[in-house]
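Everything below concerns the one structure shown next.
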There are 2 protein chains.
Amino acid sequence: MFTLRESTITSVPPAQLAAWRAFLEAHAHTTEILSRELKAEEDLPLSWYDVLVHLNEADDHQLRMQELADRILLSKSGLTRLIDRMEREGLVLRSACPSDRRGTYAELTPHGLETLRRSAPTHLRGVRDHFASLLTEEEAEVLESALDRIAAAAREAAQGSR
Amino acid sequence: MFTLRESTITSVPPAQLAAWRAFLEAHAHTTEILSRELKAEEDLPLSWYDVLVHLNEADDHQLRMQELADRILLSKSGLTRLIDRMEREGLVLRSACPSDRRGTYAELTPHGLETLRRSAPTHLRGVRDHFASLLTEEEAEVLESALDRIAAAAREAAQGSR
DNA sequence: CAGTAAACATTGCAGAGACAATCAATCTTC
DNA sequence: GAAGATTGATTGTCTCTGCAATGTTTACTG
């Protein structure tokens, strides 16, 4: 009889499984805290901050909706609504893409830039206090390279199923 | 003049900031993929799987609502609705706590246990393929200890604000 | 160059979660 | 041991998100 317990077939080594669980816990807790702090101190949702950061890093402070959705890891429709809300508050604006009339740019406004500059210290302090300062230099390097590898693999795998 | 740029005051070292970004990316992509795979192959939401795992690990296959909510990192009301849905499908059931009549247990049913056993290989394979197999033994150990530390600190910090 | 296919963004809809208010039971304290 | 505070869970309501369908524009193909 070829009786094997399922757990034998698809097991994950204990150290790796523990790493996976720690990964989930750490993410849930840290993002929760950073989100609360940003909301409490700057009245800014973390998702808005994320949009501001990515637009600020882009050429001309603008990005195509599709591209921005990919970068902040949100669905297209999710981004449409998010930009709706932020546009209502004057943090971003939509502009037509001249070369492709289907396309739309989301663009940072001066008010959006100012909001980002005002909020960044709060967020960066949070990242430092709740994440960066708890890592040694060596650990940070290991995390970065290992997690980059994982993110890259996942991005490719996701591409296939989309 | 004591003019310091804000970024000087609250900066995060590049290696740590890169680690933070890789952390966010890796989490978003891997959970997305695992969730899709579990949904596609077992028609089970990841949040349901998570409940099944934690109940399975608990004594008598049951946990107080509060305790379960803490473990799966969900709000109390969120868990109430989640257990509603799972109870409707017969995967769990509610039972009264004998010692405290305010309390409610969520308890694994045989069908729930069977569903867990059926789904576990899919999930574990996903964790292995998209996470564990991409780490060396040393990396896994570093991740576990570093992320445990971060999770523990965040848990304490969150406790204060609740 | 006509006709189909693909890409971009938005909209309708429904699922899922958080917060605050509520109800019931237990604990505290005088 | 009664009044008030606290705890456990649920419910009402609102926000956010994803999926599928839609309208519009562009790209491909015979």
Side-chain angles (χ1 to χ4, degrees), chain A residues 27-29 31-40 43-51 62-89 92-107 158-159 161-162, chain B residues 27-29 31-40 43-51 62-89 92-107 158-159 161-162:
Chain A
H27 179 270
H29 284 126
T31 54
E32 159 91 13
I33 289 185
L34 292 184
S35 167
R36 275 182 197 279
E37 287 180 349
L38 198 60
K39 188 72 187 169
D43 194 31
L44 193 71
L46 192 50
S47 56
W48 291 32
Y49 180 85
D50 214 19
V51 168
Q62 61 177 19
L63 281 174
R64 291 286 290 268
M65 292 294 282
Q66 182 76 264
E67 176 64 23
L68 182 54
D70 287 346
R71 294 201 193 183
I72 68 171
L73 309 168
L74 194 67
S75 69
K76 274 182 304 176
S77 65
L79 182 65
T80 293
R81 267 62 178 261
L82 179 53
I83 294 298
D84 284 348
R85 298 191 290 275
M86 294 182 69
E87 199 172 19
R88 234 174 280 138
E89 299 296 322
V92 300
L93 56 83
R94 283 177 164 90
S95 61
C97 174
S99 64
D100 183 341
R101 285 161 54 193
R102 291 168 303 185
T104 306
Y105 284 108
E107 185 182 335
Q159 200 142 25
S161 69
R162 252 188 301 149
Chain B
H27 179 269
H29 285 127
T31 54
E32 159 93 14
I33 289 183
L34 292 184
S35 167
R36 275 181 197 279
E37 288 181 351
L38 197 60
K39 188 72 186 170
D43 193 30
L44 193 71
L46 191 50
S47 56
W48 291 32
Y49 180 84
D50 213 19
V51 168
Q62 61 179 18
L63 280 174
R64 292 286 290 268
M65 292 294 282
Q66 182 75 262
E67 177 64 23
L68 181 54
D70 286 347
R71 294 202 193 181
I72 68 172
L73 308 167
L74 195 67
S75 68
K76 274 181 305 176
S77 66
L79 182 66
T80 293
R81 265 65 178 257
L82 178 52
I83 294 298
D84 285 348
R85 297 190 292 274
M86 293 181 70
E87 198 172 20
R88 236 175 279 137
E89 299 296 323
V92 300
L93 56 83
R94 283 177 165 90
S95 61
C97 173
S99 63
D100 183 341
R101 286 162 54 193
R102 291 167 304 184
T104 306
Y105 283 108
E107 186 183 334
Q159 201 143 24
S161 68
R162 254 188 298 150

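These values consider heavy atoms only, across backbone and side chains, with no hydrogens, waters or symmetry-generated copies.
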Using whole Å, report how far CD of Glu32(A) lies from P of dA18(C).
8 Å

Atom pair distance, as rounded to whole Å: CD in Glu67(B) and P in dG8(D)
11 Å

Between dT10(C) and Arg94(A), is there an OP1 or OP2 to side-chain N/O distance shorter than 4.0 Å?
yes

side-chain contact (heavy atoms from CB on, under 4.5 Å) against Glu37(A), all qualifying residues, sequence neighbours excluded:
Ile33(A), Leu34(A), Glu41(A), His130(A)

Working to the nearest 0.5 angstrom, can you tell me the gap between Ile83(A) CD1 and Tyr105(A) OH?
14.5 Å

In this structure, how many angstroms lie between the C1' atom of dA16(C) and the CG atom of Leu46(B), rounded?
14 Å

Measuring from Arg64(A):CZ to Asp70(A):CG, what's the distance to the nearest 0.5 Å?
12.0 Å

Within the structure provided, determine whether Arg94(B) and Asp84(B) are in side-chain contact (heavy-atom separation under 4.5 Å).
yes

Which whole-number value in Å describes the distance from Lys39(B) NZ to dT17(D) C1'?
15 Å

Touch check for Leu74(B), heavy atoms < 4.0 angstrom, all strands: base, sugar-phosphate only, or nothing?
sugar-phosphate

Nearest to side-chain heavy atoms of Ser47(A), which nucleotide of dT17(D), dA9(D), dC19(C):
dT17(D)

Does any N or O donor sit under 3.5 Å from an N or O acceptor when you compare the side chain of Ser75(B) with the base of dC19(C)?
no

Strand-adjacent residues in residues 95-104 of chain A, judged by heavy atoms under 4.0 Å from DNA chain D:
Asp100(A), Arg101(A), Arg102(A)

Could you tell me how far apart Leu73(A) (CG) and dC16(D) (C1') are, to the nearest whole angstrom?
16 Å

Quick check on the helix from dC1(C)-dG30(D) to dC30(C)-dG1(D): what's the angle between its two end axes, five base pairs per end, to the nearest 10°?
30°

To the nearest Å, how far apart are Tyr105(A) OH and dA9(C) P?
10 Å

Between dT25(D) atom C1' and Arg64(A) atom CZ, what is the distance in whole Å?
11 Å

In this structure, CG of Leu46(B) is separated from CD1 of Ile72(B) (nearest 0.5 Å) by 10.5 Å

Of all the heavy-atom pairs spanning Ala69(B) and Ser75(B), show the shortest one and how long it is.
CB-O, 4.2 Å

Less than 4.0 angstrom from a charged side-chain N to a carboxylate O is my criterion; do Arg85(A) and Glu89(A) meet it?
no

What's the closest nucleotide to the Arg85(B) side chain, out of dA9(D), dA16(C), dA20(D)?
dA16(C)

Met65(A), nearest nucleotide to its side chain (from dA9(C), dT11(D), dA20(D)):
dA9(C)

Calculate, to the nearest 0.5 Å, the distance between atoms CE and CG belonging to Met65(B) and Leu82(B) respectively.
8.5 Å

Select one nucleotide: of dA9(D), dT11(C), dA18(C), the one nearest the side-chain heavy atoms of Asp84(A).
dT11(C)

Applying a 4.0 Å non-hydrogen cut-off, can you work out what Arg81(A) is touching in the nucleic acid: base, sugar-phosphate, or nothing?
base

What's Leu82(A) touching, base or sugar-phosphate or nothing? Going by heavy atoms closer than 4.0 Å.
nothing

If you round to the nearest 0.5 Å, how far is CG of Leu74(B) from CG of Asp50(B)?
9.5 Å

Nearest 0.5 angstrom please: Leu73(A) CG to Leu79(A) CG, how far?
11.5 Å

How long is the line joining NZ of Lys76(B) and P of dT22(C), in whole Å?
15 Å

